[in-house]
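One structure is given below, encoded as structure tokens.
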Amino acid sequence: QVQLGESGGGLVQAGGSLRLSCAASGRTFSSYAMGWFRQAPGKERDIVASISSSGRTTWYADSVKGRFTISRDNAKSTVYLQMNSLKAEDTAVYYCAARTGYPGTAYSSRDYDYWGQGTQVTVSS
């Protein structure tokens, strides 16, 4: 029902910036809470940031607070993750996810219904 596609990943030096985008297929994008997750090799998938359907409420993991910014453009059915001051520890596959059942921010991967394929972010030291 909902298809998500991430883009913008790549290789960046520590201290650099990267902007991830996630485009959704559905016309009801404005009703979905959205989230960004990441998974490093051998690690569990962790929440990075979440944004309510309206975009008025956001939430960030402590590890990225002050460095990352989640935003959305409902007219374009797109959610973004601006990543600044990147660290080697940020290296992971980043996933976009949509929650269709509730418009508010959500923090568990189990709360999300649809997932993108992921985009690799590699931060070199």
Side-chain angles (χ1 to χ4, degrees):
Q1 291 292 310
V2 179
Q3 293 178 304
L4 305 173
E6 302 98 332
S7 62
L11 177 65
V12 64
Q13 291 182 301
S17 297
L18 214 54
R19 189 196 195 203
L20 305 184
S21 298
C22 174
S25 64
R27 66 169 68 184
T28 56
F29 175 80
S30 61
S31 69
Y32 308 151
M34 300 294 294
W36 284 99
F37 293 76
R38 66 186 182 186
Q39 187 169 24
K43 303 294 184 181
E44 297 294 317
R45 188 174 298 182
D46 295 323
I47 181 74
V48 174
S50 182
I51 188 167
S52 63
S53 61
S54 67
R56 290 193 290 269
T57 303
T58 58
W59 180 92
Y60 300 92
D62 288 342
S63 59
V64 307
K65 194 173 298 182
R67 299 189 296 120
F68 290 11
T69 302
I70 188 171
S71 62
R72 67 192 296 157
D73 186 340
N74 285 345
K76 296 180 179 179
S77 296
T78 302
V79 64
Y80 306 95
L81 185 67
Q82 178 66 48
M83 305 185 293
N84 297 328
S85 302
L86 283 162
K87 306 174 181 178
E89 305 90 89
D90 296 318
T91 295
V93 176
Y94 283 70
Y95 297 90
C96 173
R99 184 187 189 185
T100 61
Y102 186 76
T105 53
Y107 320 113
S108 171
S109 62
R110 291 172 292 186
D111 293 327
Y112 292 84
D113 306 302
Y114 298 95
W115 295 82
Q117 290 295 115
T119 185
Q120 177 70 50
V121 172
T122 302
V123 183
S124 62
S125 304

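Values in this document were obtained by computation on a predicted structure and should not be read as measured data. When reading the values below, keep in mind they use all heavy atoms of this one structure, side chains included, and skip hydrogens, waters and symmetry mates.
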Compare all side-chain heavy atoms of [X] with those of [Y] and state whether any distance is below 4.5 angstrom.
| X | Y | value |
| --- | --- | --- |
| Ile51 | Tyr60 | no |
| Met83 | Val121 | yes |
| Asp113 | Val2 | no |
| Tyr95 | Leu4 | no |
| Tyr32 | Pro103 | no |
| Thr91 | Arg38 | no |
| Asp111 | Tyr102 | no |
| Gln39 | Ser109 | no |

Would you confirm whether [X], through its side chain, and [Y], through its main-chain N or O, come within 3.5 Å as a donor-acceptor pair?
| X | Y | result |
| --- | --- | --- |
| Asn74 | Ser53 | yes |
| Arg99 | Ala33 | no |
| Glu6 | Gln117 | yes |
| Thr122 | Leu11 | no |
| Ser50 | Thr105 | no |
| Arg19 | Gly8 | no |

Linking I/L/V/M/F/W/Y whenever their side-chain heavy atoms sit closer than 4.5 Å, directly or via other members, would [X] and [Y] fall into one cluster?
| X | Y | answer |
| --- | --- | --- |
| Leu18 | Phe68 | yes |
| Tyr94 | Trp59 | no |
| Tyr114 | Val79 | yes |
| Val123 | Leu20 | yes |
| Val93 | Leu81 | no |

Non-hydrogen atoms of [X] and [Y] that approach each other most closely:
| X | Y | value |
| --- | --- | --- |
| Lys76 | Thr78 | O-OG1, 2.8 Å |
| Ala40 | Ala92 | N-CB, 3.8 Å |
| Phe29 | Arg72 | O-NH2, 2.9 Å |
| Ser85 | Ser17 | N-OG, 4.3 Å |

Checklist entry - Can Tyr80 and Cys22 be said to form a side-chain contact (heavy atoms from CB on, under 4.5 Å), step by step? => result CA-CA 6 Å; Tyr80 306 95; Cys22 174; over 6 Å; no

Next on the checklist: Can you confirm if the aromatic rings of Tyr112 and Phe37 lie within a centre distance of less than 6.0 Å?
Outcome noted: yes

Item to check | Nearest-0.5 Å distance, CD of residue Gln13 to OG of residue Ser125 | outcome: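 Result: 10.0 Å between the selected atoms.
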
Item to check | Heavy atoms of other groups near Gln120 CD, more than 12 under 6.0 Å | outcome: yes

Checklist entry - Is it true that Lys87 and Asp90 have a side-chain N and a carboxylate O under 4.0 angstrom from each other? => result no

